[in-house]
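See below for the structure under consideration.
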Amino acid sequence: MKKTIITPPLDTPSGWTSVSKITPMGTSEPLEKSLPWVVIGAGFTGLAAARRLAELNPDQPVALLDARPVGWGASGRNSGFVIDLPHKFDLDTPEPDRLRKIIHLNHTAIHDLESLITDHKIDCEWSRVGKLQGAVKERGTGLMRKFAHALELVDEPHQMLDQQGCLDITGTNYYSGAIFTPGSALVNPLSLARGLAANLPANVLLRDDTAVLGMTSVDKGYELTLETTDKQTYSTTASKVILAVDPFTPEFGYLKNRILPLLTFASITRPLTNSEKARFKGTLDWGLTPADAGGTTLRMTQDGRILLRNQYANAPKYRADKHMLADVEEKQREGFEKRYPDLSHVPFETTWGGVCGLSANHVSHFGEVAKGVYSASCYNGVGVAKGTISGKLLAEMACDHATSELEDIQTISGLPSLIPPEPIRGIGVTTRLKFAEWQSKDEI
């Protein structure tokens with residue numbers, strides 16, 4: 001059965017720049033008629049999967065496809081946190097053994113990324129400064145204590161900060177307290193994704209201007225109908241396929257009505273001037289995630305930009321319109337000025353949105369979805385580390401390369417629960433998001 005694939009249409013800023021300035025890194029040259037390996041999606045999952053397949057099969061070509069340039073999607077649109085610890089919904093069931101497996105997998109991903117950045121001299125503002133988990137009022141403080149309890153269960157190092165401790169780092173007294181953990185990294189996500197793509201093994205064939213219009217099961221694998229940005233259409237057959245497309249997975253016919261595509265939004269200021277930095281009460285190069293999942297992510301970049309991320313929206317068509325972005329910018333401006341009234345004159349340079357995949361039961365999916373088709377999805381908002389390790393381990397699964405990490409990720413993954421179709425889904429999601437925003441209003 002032929003499947004129509006919807007490509008990400010967002011033409012809003014990505015990372016620290018605009019996607020309109022991003023060009024494809026691969027070529028438009030048609031692929032061979034038959035290939036052993038095809039990876040669809042050139043985000044962090046796809047980049048890691050293609051790299052590992054190439055390493056395990058050095059004499060075979062590995063095609064890496066994306067309808068958009070590398071960094072266009074969620075890999076370039078996130079806030080640049082590479083998180084090592086259980087995060088948000090993973091804390092709902094704090095089983096020590098499960099938490100340790102999550103931590104080990106995330107540490108492996110961070111180590112792999114750090115090694116690649118060092119080996120290939122990738123300029124991406126990589127920084128091992130750890131992260132804060134902050135709380136504003138009672139709701140956030142209670143959830144912060146829950147996080148601390150989980151850390152104590154697995155003997156993870158952490159430090160409790162009071163309001164003054166938060167002020168010393170973040171330059172705002174808006175937070176009543178925070179937990180500092182040392183293991184996470186911060187990065188410019190767009191630069192990291194592009195840097196990884198620029199240094200793939202020689203047997204990876206990158207085509208990040210090539211959309212998959214159809215995917216049909218055939219005797220020797222899967223026939224893919226492909227279209228380049230200049231509207232050239234052709235087909236190739238893949239023996240095995242790795243789907244690294246997260247919220248778009250149902251467009252290929254897999255995990256239908258099990259993945260919720262959700263838009264998240266961020267705004268970032270221009271770099272602070274020297275005089276503004278002199279008045280700023282905190283430090284540069286730090287990141288804070290909210291104890292309440294509905295709260296605000298806050299970050300100070302190495303070049304002195306302040307980033308805020310909050311606001312969520314249902315994304316049945318995987319896009320945000322200009323009206324939605326204008327409303328988000330207004331709300332994020334309010335959050336910025338609450339935190340930094342002395343910098344209220346500093347403008348946002350840009351506001352953008354990106355699509356991620358969530359599951360209703362908060363589990364991530366990993367595994368073989370059909371014979372010879374492998375997929376990972378539903379990272380629930382923490383895709384840099386989870387996507388990196390998932391892509392690597394999907395490749396190992398596809399090559400029958402058994403490791404303890406592969407066993408671990410299968411243990412902590414599951415099947416996303418069914419969600420209702422549109423329009424019922426949209427009504428339910430919008431209502432739930434409004435309720436969550438009301439619950440978290442003091443943390444935003």
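Computed from heavy atoms alone, side chains included, the values below leave out hydrogens, waters and symmetry copies. For this chain, numbers begin at 1 and follow the sequence in order.
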Subject >> Nearest atoms (heavy-atom pairs only) where Phe366 meets Ser390 >> reply: CE1-O, 3.5 Å
Original post:
Is it true that a side-chain atom of Arg77 and a backbone atom of Val355 form a donor plus acceptor pair closer than 3.5 Å?
Top reply: no
**OP:** Evaluate the side chain to side chain contact (heavy atoms under 4.5 Å, CB included) criterion for residues Lys392 and Arg51: first the C-alpha distance (whole Å), next the side-chain angles of each, then the deciding distance (0.1 Å), finally the verdict.
**Re:** CA-CA 8 Å; Lys392 175 183 178 180; Arg51 178 179 297 280; over 6 Å; no
**OP:** For residues Cys356 and Tyr312, determine if any side-chain heavy atom of one lies less than 4.5 Å from a side-chain heavy atom of the other.
**Re:** no
Subject >> Thr236 side chain vs Glu32 backbone, donor-acceptor pair below 3.5 Å >> reply: yes
Original post:
When you check the gap from the basic side-chain N to the acidic O, do Glu114 and Arg128 get nearer than 4.0 Å?
Top reply: yes
Original post:
Between CG of Leu255 and OG of Ser375, what distance do you get to the nearest 0.5 Å?
Top reply: 6.0 Å
Original post:
In Å and rounded to the nearest 0.5 Å, what is the OG to CG distance from Ser267 to Leu325?
Top reply: 8.5 Å
Original post:
Among all residues two or more places apart in sequence or in another chain, which pass the ring pair (Phe, Tyr, Trp, His ring centres under 6.0 Å) test with Phe180?
Top reply: none
**OP:** Working to the nearest 0.5 Å, report the span between CZ of Arg207 and CG of Leu65.
**Re:** 8.5 Å
Original post:
Quick one: OG1 on Thr296 to CG on Leu298, what's the gap to the nearest 0.5 Å?
Top reply: 8.0 Å
**OP:** For residues Phe81 and Val384, determine if any side-chain heavy atom of one lies less than 4.5 Å from a side-chain heavy atom of the other.
**Re:** no
Original post:
Can you tell me if NZ on Lys441 sees more than 12 non-hydrogen neighbours from other groups inside 6.0 Å?
Top reply: yes
Subject >> Exercise: identify the closest heavy-atom pair between Met160 and Ala148 >> reply: SD-CB, 4.4 Å
Original post:
Is there a donor-acceptor pair closer than 3.5 Å between any side-chain N or O of Thr249 and the backbone N or O of Val245?
Top reply: no
Original post:
Between Ile110 and Ile83, what is the shortest heavy-atom contact and its length?
Top reply: CD1-C, 4.3 Å
Original post:
Is any side-chain heavy atom of Lys131 closer than 4.5 Å to a side-chain heavy atom of Leu186?
Top reply: no
Original post:
Does a side-chain heavy-atom distance below 4.5 Å link Leu190 with Ile22?
Top reply: yes
Original post:
Taking all atoms of both residues into account, what is the closest heavy-atom pair of Val369 and His365, and its distance?
Top reply: CG1-CE1, 3.4 Å
**OP:** Check whether more than 12 heavy atoms from other residues, nucleotides or ligands sit under 6.0 Å from atom NE2 of His120, and answer yes or no.
**Re:** yes
Subject >> Rounded distance (nearest 0.5 Å) linking atom CD1 of Ile268 with atom CG of Leu307 >> reply: 4.5 Å
**OP:** Taking the side chain as every heavy atom from C-beta outward, state whether Val38 and Val212 have any atom pair closer than 4.5 Å.
**Re:** no
Original post:
Would Ser191 and Ile122 satisfy side chain to side chain contact (heavy atoms under 4.5 Å, CB included), going step by step from the backbone distance to the final call?
Top reply: CA-CA 8 Å; Ser191 297; Ile122 298 173; 5.9 Å; no
Original post:
Nearest 0.5 Å, what's the CG-OG1 distance between Leu226 and Thr233?
Top reply: 8.5 Å
Original post:
Hey, is NE2 on His401 packed in by over 12 heavy atoms from elsewhere, all under 6.0 Å?
Top reply: yes
Subject >> Residues forming a side chain to side chain contact (heavy atoms under 4.5 Å, CB included) with Asn361, sequence neighbours excluded >> reply: Ser359, Val363, Pro416, Ser417
Validation: residues 133-147 side-chain donor-acceptor distances under 3.5 Å, sequence neighbours left out:
residue	atom	partner	partner atom	Å
Arg139	NE	Asp292	OD2	2.7
Thr141	OG1	Lys137	O	2.9
Lys146	NZ	Asp92	OD1	3.3

**OP:** Indicate yes or no for a side-chain donor-acceptor contact from Tyr234 to the backbone of Leu31 under 3.5 Å, with no hydrogens or angles considered.
**Re:** yes
Subject >> Under 3.5 Å donor-acceptor, Asp209 side chain and Pro69 backbone >> reply: no
Original post:
Is there side-chain contact between Leu132 and Tyr175, with heavy atoms separated by less than 4.5 Å?
Top reply: no
Subject >> Ser440 (side chain) donor-acceptor with Glu443 (main chain) under 3.5 angstrom >> reply: no
Original post:
Between the side chain of Asp208 and the main-chain N/O of Gly26, is any donor-acceptor distance below 3.5 Å?
Top reply: yes
Subject >> Identified side-chain contact (heavy atoms from CB on, under 4.5 Å) counterpart of Asp90 within the set His362, Glu95, Arg98 >> reply: Arg98
**OP:** Please determine, by modelled atom types, if Arg309 and Ser79 share a side-chain donor-acceptor pair under 3.5 angstrom.
**Re:** yes
Subject >> Stepwise side chain to side chain contact (heavy atoms under 4.5 Å, CB included) check, Val70 with Leu206 >> reply: CA-CA 10 Å; Val70 173; Leu206 176 61; 4.3 Å; yes
Original post:
Within a strict 4.5 Å, meaning less than it, do heavy atoms of the Leu64 and Val62 side chains meet?
Top reply: no
Original post:
Can any side-chain N or O of Gln332 pair as donor or acceptor with the backbone N or O of Phe265 at less than 3.5 Å?
Top reply: yes
Subject >> Closest contact, heavy atoms only, Ala193 versus Leu47 >> reply: O-CD1, 3.7 Å
Subject >> From CA spacing to verdict: side chain to side chain contact (heavy atoms under 4.5 Å, CB included), Asn314, Leu260 >> reply: CA-CA 8 Å; Asn314 184 37; Leu260 175 66; 3.7 Å; yes
Original post:
Would you say the side-chain atoms of Tyr379 and Thr45 include a donor-acceptor pair closer than 3.5 Å?
Top reply: yes
**OP:** May I ask you to check whether over 12 heavy atoms, not counting those of Glu422, lie within 6.0 Å of atom CD?
**Re:** yes
Subject >> Closest heavy-atom pair and its distance - Pro250, Lys256 >> reply: O-CE, 3.8 Å
**OP:** Examine distances only and state if a side-chain atom of Ser364 and a backbone atom of Cys378 form a donor-acceptor pair shorter than 3.5 Å.
**Re:** yes
**OP:** Please check if atom CG in Asp123 has more than 12 non-hydrogen atoms from other residues, nucleotides or ligands closer than 6.0 Å.
**Re:** no
Original post:
Short question: side chain of Glu368, backbone of Gly372 - any donor-acceptor pair under 3.5 Å?
Top reply: yes
Subject >> Side chains of Met215 and Val373 in contact at under 4.5 Å (non-hydrogen atoms) >> reply: yes
